[in-house]
Amino acid sequence: MRSNGQPVYNFCVTVDDATMAISHVIRAEEHLPNTLRQALIYKSLGFPMPNFAHVSLILAPDRSKLSKRHGATSVGQFREMGYLPQGMVNYLALLGWGDGTENEFFTLEQLVESFSIDRVNKSGAIFDSTKLRWMNGQHLRALPSDELTKLVGGRWKSTGMLTESEGAFIEEAVELLKDGIDVIPDSDKQLSNLLSYPLHDTLTSAEAKPVLDDNLSDFSSSLIAAYDSGELLTALEGGHAGWKNWVKSFGKTLKRKGKSLFMPLRVLLTGKLHGPDMGASVVLLHQAGICGVVAPQAEFVPLNERFNMLRQLDWEALTKNPPLVEATATTSN
């Protein structure tokens, strides 16, 4: 007993576990000294001795004890960061344990079925936040589509990017962008990238030079003509099938196919050199302009504004001036 009349920890925990008929006590290696003291109390009080096991600590990347300076320290913080319960459980289960196969993806039910304390490692496991993100992404994309749409759609509405959290546009946007989402907040950047139109930055980059040099100005004129005639918009109203038919016809007209057709289309319509499926992206951009759910703060550039920007481009200046990256490198040299 303490001087204030309160019983000490080792006495309390022994009585507590014994009266609850605890059969197995599994805890961190830091408790090894306590276990010896508690064993004496079990014997003195005549309680049946439980099975004791001690597992190694979870360590930081520098193999020091995990602490606040290494990031989030509570389940609540991980939840706020967009991690799913099933992703966290799966990742934590694999810290110091494995089922003996190459499999790393487990549901809670599969973990219960597969777990054996015999396979718990003696050495300390490293907490890898990159691996945790990856694991969470696997569980996120394994969710039924309606659950994933509800999570991401709710996020987009709560951050003010969209005015609604459900509907056809949200469903198709989630399906298109989900491969780039490992934690829920990632969805903000994915949607923002889809809706943005950084055309000038792209065209003045070194990576865009081959596309620019492939008669991109003439290609742009043909694309503007297809938009002004209503041909492109009519195709987009036909959804994915309408887009595919139009692209095939447009490519035949210009005598282009493959990369020489799709790269200029991607750059001129999305303003980017890379991204998710281009056809699905362009169809979604068309829907974004007519569905009315995109909020002003999302900084969406609709198709009509994109074509206005294309009309105003100074192609001669773009082709004469070296890309910004190359120009900067030359100056530095």
Side-chain angles (χ1 to χ4, degrees), residues 71-72 75-95 97-99 101-115 125-162 164-196 239-240 243-244 262 266 270 272-285 287-288 291 293-294 298 300:
V75 172
Q77 280 181 283
F78 281 108
R79 185 189 295 113
E80 291 167 9
M81 291 163 67
Y83 287 94
L84 299 175
Q86 50 269 53
M88 284 295 299
V89 168
N90 191 166
Y91 179 71
L92 291 173
L94 295 179
L95 289 180
W97 174 86
D99 70 345
T101 71
E102 296 296 315
N103 183 36
E104 293 185 302
F105 185 94
F106 293 90
T107 63
L108 181 57
E109 292 75 17
Q110 290 168 335
L111 285 170
V112 170
E113 182 69 26
S114 303
F115 183 80
I126 302 295
F127 188 89
D128 183 348
S129 56
T130 301
K131 182 69 174 287
L132 172 59
R133 276 184 63 92
W134 173 84
M135 180 69 72
N136 196 75
Q138 300 301 305
H139 280 274
L140 200 67
R141 287 180 283 279
L143 289 174
S145 57
D146 58 335
E147 287 185 35
L148 181 58
T149 299
K150 185 177 180 180
L151 281 172
V152 177
R155 168 75 186 189
W156 285 339
K157 184 178 180 182
S158 69
T159 55
M161 297 187 73
L162 301 181
E164 300 290 339
S165 62
E166 55 186 29
F169 174 78
I170 289 93
E171 290 171 9
E172 292 192 31
V174 171
E175 181 62 29
L176 175 66
L177 303 174
K178 66 182 181 181
D179 286 346
I181 304 173
D182 285 330
V183 291
I184 297 299
D186 289 350
S187 62
D188 296 347
K189 183 178 180 181
Q190 292 296 315
L191 182 60
S192 180
N193 285 344
L194 174 72
L195 300 176
S196 67
H240 299 282
W243 163 261
K244 286 182 178 179
F262 292 109
R266 179 181 286 281
T270 72
K272 308 170 193 76
L273 288 160
H274 309 285
D277 181 80
M278 181 185 56
S281 297
V282 177
V283 170
L284 260 180
L285 289 171
Q287 290 180 9
C291 68
V293 302
V294 181
F300 170 48

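In this chain, residues are counted from 1 in sequence order. Predicted model only: the values in this text are computed from it and were never measured.
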side-chain contact (heavy atoms from CB on, under 4.5 Å) between Val75 and Met88, worked out: CA-CA 9 Å; Val75 172; Met88 284 295 299; 6.0 Å; no
Derivation of the side-chain contact (heavy atoms from CB on, under 4.5 Å) call for Asp128 and Trp134: CA-CA 10 Å; Asp128 183 348; Trp134 173 84; over 6 Å; no
side-chain contact (heavy atoms from CB on, under 4.5 Å) assessment of Phe105 paired with His139: CA-CA 8 Å; Phe105 185 94; His139 280 274; 3.7 Å; yes
Trace of the side-chain contact (heavy atoms from CB on, under 4.5 Å) decision for Glu104 with Lys131: CA-CA 11 Å; Glu104 293 185 302; Lys131 182 69 174 287; 2.7 Å; yes
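For Gln110 (side chain) and Thr107 (main-chain N/O), a donor-acceptor pair under 3.5 Å exists by modelled atom type. At distances below 3.5 Å, not a single donor-acceptor pair connects side-chain atoms of Ser114 with backbone N or O atoms of Leu111. In terms of modelled atom types and a separation under 3.5 Å, the side chain of Asp186 and the main chain of Val183 share a donor-acceptor contact.
Inter-residue side-chain proximity for Leu84 and Leu151 is flagged as met; some heavy-atom pair is nearer than 4.5 Å. Counting heavy atoms from C-beta outward, Arg155 and Asp188 have side chains that approach closer than 4.5 Å. Within the 4.5 Å cutoff, the side chain of Gln190 has no heavy atoms near those of the Leu194 side chain. Here the side chains of Val152 and Lys178 are not in contact, with every heavy-atom distance at 4.5 Å or above. With contacts defined as side-chain heavy-atom distances shorter than 4.5 Å, the pair Ser187/Leu177 does not qualify. For the pair Ser281 and Leu176, the minimum side-chain heavy-atom distance is below 4.5 Å. For the pair Phe127 and Tyr91, the minimum side-chain heavy-atom distance is below 4.5 Å.
Annotation: ring-ring contact (aromatic ring centres under 6.0 Å, His included) contacts of Phe106 (sequence neighbours excluded): Trp97. By the salt bridge (charged side-chain N to carboxylate O under 4.0 Å, His left out) test, Lys189 pairs with no residue at all, sequence neighbours left out.
Of all non-hydrogen atoms in Thr149 and Glu171, the two that sit nearest each other are CG2-CG, 3.9 Å. Of all non-hydrogen atoms in Thr270 and Arg266, the two that sit nearest each other are OG1-O, 2.5 Å. In this structure, Gly82 and Asn136 approach most closely via the heavy-atom pair O-ND2, 3.6 Å. The heavy-atom pair separating Ser196 from Asn193 by the smallest distance is OG-O, 3.0 Å. Taking all atoms of both residues into account, the shortest heavy-atom contact from Tyr83 to Ser129 is OH-O, 4.4 Å. Ala125 approaches Leu95 most closely through the heavy-atom pair CB-C, 3.7 Å.
Asn90 CG to Leu108 CG: the interatomic distance, rounded to the nearest 0.5 Å, is 10.0 Å. Taking CD of Glu109 as the start and CD of Gln86 as the end, the distance is 10.0 Å to the nearest 0.5 Å. Between Asp179 atom CG and Asp277 atom CG the span is 11.0 Å, to the nearest 0.5 Å.
Shown here is Glu166, whose CD atom has no more than 12 heavy atoms of other residues, nucleotides or ligands within 6.0 Å.
A salt bridge between Arg141 and Asp182 is present, with a side-chain N of the basic residue lying under 4.0 Å from a carboxylate O of the acidic one.
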